[in-house]
Asker: 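I am attaching a structure below and will ask some questions about it afterwards.
Order of the sequence lines sets the chain letters (A, B, ...), proteins ahead of strands, with each chain counted from 1.
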Amino acid sequence: MSIDPKAWQTLTRGVVEIISEDELKAKLAKGKPLNIKLGVDPTAPDIHLGFTVVMRKLRQFQDLGHRVILIVGDYTATVGDPSGRNKTRPILSHEEVLRNAETYKQQFFKIVDPARTTVVYNGDWFSKMTFTEVTKLLAQITVAQMLEREDFKNRYEAGQPISLHEFLYPLMQGYDSVMIEADVELGGTDQKFNVLRGRELQRAIGKEAQVGLFLPILLGTDGREKMSKSLGNTIGIDEPPQAMYHKLYSLPDALVESYFQLLTDIPMEEVRSKLAEVAAGKSNPNGLKDELARNIVTQYHGADAAEKAAEEERRIHSGEALPQDIPVLQVKAGEHWVPALLTQAGIVKSNGEGRRMIENGGVSFDGEKLADAKVNVQVTGEHILRAGKRGFVKVLAKS
RNA sequence: GGGUCGAUGCCCGAGUGGUUAAUGGGGGCGGACUGUAAAUCCGCUGGCUUAGCCUACGGUGGUUCGAACCCACCUCGGCCCA
């Protein structure tokens, strides 16, 4: 059986590396549903667009008739994946992991089809392993091989601690592949080392090795580092449409192409020709970013929400007009110290920060810029307090 | 177990008895500019209605008029030796 070229194009869209391509073709050519593996450690409950790159790929496999096996790493999460890390991850309790796993699944199935997915917990096998079996597993790899790994090497050379249990992680992930008989394992490029361990372990027991399919690491909104919660450069899939739209719309220019490629199904020829127009100075990148933002917001919130978010964005940036749905802060009529109002509204974390913001000229009350942090304002009816670009609050006098 | 070095604000990193809430960089935030951005420039970046007070330099005690800085013990980490 030959492989449909269109299907192949879909499956390889955005893919950085396949180990190996021939093996994948051979597996696909069997014409049988393949086991597509994704392992997750629900260390943080919120899924952001960075994770969706891989999830979208899973979905594409599903749409071609394959089945997804989601491994919830309830055991591995207690070890902590050292991939790309420069320090030891904090170890989570088992209960925390299970709790996170629930919210995780909920979000996961916004993209992946639950009907074609099997969810398993790797604690099912790891909790039953004997020490002898663990030792055997450890015998599969040498210290030198471990230290060859980029992130371990860096940490080791930088004099950063590496706990021994972190060496266990790649082997555990590989063992997962053995247990579920994975045909293909998906992951970011940072997963290469771990995925390759799966191939070795499968071969070691005489089974067909899984194929590793690697996707790029999505950069975060700062345009510099990978999207990650700890760097605060994420776009969460549960974020309100407005926030999502805004972040995508103000994306650094350099990221636009990769976001289209990894997060949408829009044909790349189309995207590239538009990018060429922008590069030639024939059009403004706003249009493209608007299209990107609408497309992605639509995926998670629907077309209406996307339309509204786009309008809202325009309203705010066109100048005078205010956004709809400004949070309301009710206070007693009379004199109020602005920094305290800002703190109460949750726009700033402390009165001191609010004071500074005023001194920096970032705060206005009813459209009038405040110059002095000491002066109070009179609240008589309804007022608009604005701090910074996006901090709006409607101050309402309590009657 | 022995030796040795180290732990400073969101991060990195200066400071080694007295205007030190603590140089500098990164990041973040605000302002100008702009295409929403980027780049650039300016300002801010512990808390408190602030000429002042409080909290802070791994922890606990101590020395001293006075400590991030000196001493003791403890905790954690790197390296070398076993």
Side-chain angles (χ1 to χ4, degrees), chain A residues 85-88 90-91 152-164 166 219-235 242-259 274-275 277-294 296-297 309-319 321 323 331 334-344 346-365 368-377 385-392:
Chain A
R85 278 267 154 165
N86 50 17
K87 32 170 114 152
T88 307
I91 290 184
F152 282 144
K153 194 163 89 188
N154 290 345
R155 281 164 65 181
Y156 192 67
E157 281 169 2
Q160 295 281 327
I162 303 171
S163 291
L164 209 47
E166 293 180 69
L219 292 180
T221 50
D222 58 6
R224 234 169 262 132
E225 307 225 46
K226 76 171 206 176
M227 188 175 280
S228 122
K229 191 130 200 203
S230 53
L231 294 170
N233 60 2
T234 60
I235 302 175
Q242 226 106 280
M244 208 179 214
Y245 184 95
H246 173 73
K247 287 185 186 179
L248 288 164
Y249 189 58
S250 10
L251 209 64
D253 291 1
L255 295 190
V256 171
E257 181 172 350
S258 67
Y259 271 50
K274 284 183 187 166
L275 277 166
E277 277 180 32
V278 170
K282 281 187 204 149
S283 67
N284 193 298
N286 292 13
L288 257 180
K289 287 184 187 177
D290 172 63
E291 189 180 343
L292 176 71
R294 276 174 200 256
I296 294 173
V297 174
E311 270 173 41
E312 191 75 357
E313 182 76 13
R314 221 148 296 121
R315 184 176 294 122
I316 296 168
H317 287 287
S318 62
V331 295
E335 288 225 326
H336 286 275
W337 188 49
V338 178
L341 290 177
L342 292 173
T343 310
Q344 281 168 52
I347 294 172
V348 296
K349 286 198 277 305
S350 68
N351 293 352
E353 195 182 326
R355 181 205 316 276
R356 277 179 237 123
M357 219 178 203
I358 294 169
E359 282 161 1
N360 284 329
V363 179
S364 65
F365 187 72
E368 221 168 294
K369 190 177 265 193
L370 299 174
D372 189 346
K374 279 186 186 150
V375 172
N376 293 347
V377 292
L385 183 61
R386 177 174 186 174
K389 284 176 215 155
R390 302 186 66 79
F392 290 94

Asker: What interatomic distance, in whole Å, is found between P of B:rU19 and the corresponding atom of B:rC53?
Answerer: 15 Å
Asker: With nearest nucleotide decided by heavy atoms, which residue, A:Asn284 or A:Gly352, maps closer to the 5′ end of RNA chain B?
Answerer: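 Upstream on the strand: A:Asn284.
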Asker: Are any of the side-chain heavy atoms of A:Pro339 and A:Val348 separated by less than 4.5 Å?
Answerer: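 Sidechains of A:Val348 and A:Pro339: no contact.
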Asker: For the pair made of CD in A:Glu311 and P in B:rU36, what is the distance, rounded to whole Å?
Answerer: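 Distance, rounded to whole Å: 18 Å.
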Asker: P atom, B:rG58 versus B:rG13: distance in rounded Å?
Answerer: 14 Å
Asker: If you assign each of A:Glu359 and A:Ser250 to its closest nucleotide in RNA chain B, which residue comes earlier from the 5' end?
Answerer: A:Ser250
Asker: In Å and rounded to the nearest 0.5 Å, what is the CH2 to CZ distance from A:Trp337 to A:Arg355?
Answerer: 4.5 Å
Asker: What residues, two or more places apart in sequence or in another chain, satisfy side chain to side chain donor-acceptor pair (under 3.5 Å) together with A:Glu291?
Answerer: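 In terms of side chain to side chain donor-acceptor pair (under 3.5 Å), with neighbours along the sequence ignored, A:Glu291 is linked to A:Lys274.
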Asker: Of the nucleotides B:rC48, B:rG27, B:rU36, which has the atom closest to the A:Lys289 side chain?
Answerer: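 Of the options given, the side chain of A:Lys289 lies nearest B:rU36.
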Asker: Grab the stems for RNA chain B, please: at least three consecutive Watson-Crick or wobble pairs, both distances below 3.5 Å, written as range with range.
Answerer: B:1-7 with B:75-81, B:10-12 with B:24-26, B:27-32 with B:40-45, B:46-48 with B:52-54, B:58-62 with B:70-74
Asker: Could you measure between the two C1' atoms, the one in B:rC33 and the one in B:rA51, and give it in whole Å?
Answerer: 37 Å
Asker: Round to the nearest Å and state the distance from A:Lys226 atom NZ to B:rG27 atom P.
Answerer: 20 Å
Asker: Can you list the steps and then say if A:Arg155 with A:Glu166 is a salt bridge (charged side-chain N to carboxylate O under 4.0 Å, His left out)?
Answerer: CA-CA 12 Å; A:Arg155 281 164 65 181; A:Glu166 293 180 69; 3.0 Å; yes
Asker: Using the C1' atoms only, state how far B:rG62 lies from B:rA14, rounded to an integer number of Å.
Answerer: 28 Å
Asker: Name all residues meeting the side chain to side chain donor-acceptor pair (under 3.5 Å) criterion together with A:Gln344; count only those two or more places apart in sequence or in a different chain, and write none if there are none.
Answerer: none
Asker: Between B:rG27, B:rU36, B:rU50, spot the one nearest the side chain of A:Arg355, thanks.
Answerer: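 Among the listed nucleotides, the one closest to the side chain of A:Arg355 is B:rU50.
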Asker: Suppose we screen for side chain to side chain donor-acceptor pair (under 3.5 Å). Which residues come up paired with A:Thr343, at least two apart in sequence or across chains?
Answerer: A:Asn351
Asker: Encode nucleotides 77-82 of chain B as B, S and - characters from 5' to 3', where the letter depends on protein heavy atoms closer than 4.0 Å: B to the base, S only to sugar-phosphate, - to neither.
Answerer: SSS---
Asker: Hey, what are the protein-to-nucleotides 29-31 of chain B N/O distances that come in under 3.5 Å?
Answerer:
{"unit_1": "B:rG30", "atom_1": "O2'", "unit_2": "A:Asn360", "atom_2": "O", "d": "3.3"}
{"unit_1": "B:rG30", "atom_1": "O2'", "unit_2": "A:Gly362", "atom_2": "N", "d": "3.4"}

Asker: With C1' as the reference atom in both, quote the distance from B:rG15 to B:rG9 in angstrom, rounded to an integer.
Answerer: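 One C1' to the other, the span is 14 Å.
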Asker: Measure CG/A:Leu248 against P/B:rA37 and give the value in whole Å, please.
Answerer: 14 Å
Asker: To the nearest Å, give me how far apart CG (A:Asp222) and P (B:rC11) are.
Answerer: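 Rounding to the nearest Å, CG of A:Asp222 and P of B:rC11 are 18 Å apart.
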Asker: Pick the C1' atom in B:rA39 and in B:rA32, then give their distance to the nearest Å.
Answerer: 14 Å
Asker: Choosing from B:rU49, B:rA37, B:rG46, which nucleotide comes nearest the side chain of A:Asp253?
Answerer: B:rA37
Asker: Which residues pass the salt bridge (Lys or Arg N to Asp or Glu O under 4.0 Å) test with A:Arg294, not counting sequence neighbours?
Answerer: A:Asp290, A:Glu307
Asker: Donor-acceptor pairs are to be reported for all side-chain atoms of residues 278-287 of chain A against protein atoms at under 3.5 Å, with residues two or more places apart or in another chain.
Answerer:
{"unit_1": "A:Asn284", "atom_1": "OD1", "unit_2": "A:Asn286", "atom_2": "N", "d": "2.9"}

Asker: Please report, rounded to the nearest Å, how far the P atom of B:rG47 is from the NZ atom of A:Lys349.
Answerer: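 A:Lys349 atom NZ is separated from B:rG47 atom P by 9 Å.
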Asker: How far does CE of A:Met244 sit from CD1 of A:Ile296, to the nearest 0.5 angstrom?
Answerer: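 Spacing of CE (A:Met244) from CD1 (A:Ile296) equals 7.5 Å.
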Asker: Could you tell me the separation between the CD1 atom of A:Ile358 and the P atom of B:rU45, rounded to a whole number of Å?
Answerer: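 In whole Å, B:rU45 P lies 15 Å from A:Ile358 CD1.
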Asker: Sequence neighbours left out, what passes side chain to side chain donor-acceptor pair (under 3.5 Å) with A:Asn154? Give chain and number order.
Answerer: none
Asker: Under 4.0 Å between a side-chain N/O of A:Ser350 and OP1 or OP2 of B:rC48, yes or no?
Answerer: yes
Asker: Using the side-chain heavy atoms of A:Trp337, tell me which of these nucleotides is nearest: B:rU49, B:rG35, B:rU50.
Answerer: B:rU49
Asker: Between C1' on B:rG28 and CZ on A:Arg356, what's the gap in Å once rounded to a whole number?
Answerer: 12 Å
Asker: At less than 3.5 Å, do the side-chain atoms of A:Asn351 and the base atoms of B:rG47 form a donor-acceptor pair?
Answerer: no
Asker: By salt bridge (Lys or Arg N to Asp or Glu O under 4.0 Å), which residues pair with A:Lys229, not counting sequence neighbours?
Answerer: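 Once residues adjacent in sequence are excluded, the partners of A:Lys229 under the salt bridge (Lys or Arg N to Asp or Glu O under 4.0 Å) criterion are A:Asp46.
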Asker: Atom CG of A:Leu342 and atom C1' of B:rG47: how far apart are they, to the nearest Å?
Answerer: 17 Å
Asker: When rounded to the nearest Å, what value does the distance between P atoms of B:rU4 and B:rA72 take?
Answerer: 13 Å
Asker: Do A:Phe152 and A:Tyr156 have ring centres separated by under 6.0 Å?
Answerer: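 No, they do not, as the ring centres are separated by 6.0 Å or more.
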Asker: Name the closest nucleotide to the A:Asn286 side chain, picking from B:rG46, B:rG35, B:rG27.
Answerer: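 Within the option list, the nearest is B:rG35.
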Asker: Could you pull out all residues at least two apart from A:Ser350 that satisfy side-chain contact (heavy atoms from CB on, under 4.5 Å)?
Answerer: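 So A:Ser350 forms a side-chain contact (heavy atoms from CB on, under 4.5 Å) with A:Glu353.
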Asker: Determine the interatomic distance between P on B:rU55 and the same-named atom on B:rA67; round to the nearest Å.
Answerer: 13 Å
Asker: Residues two or more places apart in sequence or in another chain: which of them pass salt bridge (Lys or Arg N to Asp or Glu O under 4.0 Å) with A:Arg224?
Answerer: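 Residues passing salt bridge (Lys or Arg N to Asp or Glu O under 4.0 Å) with A:Arg224: none at all.
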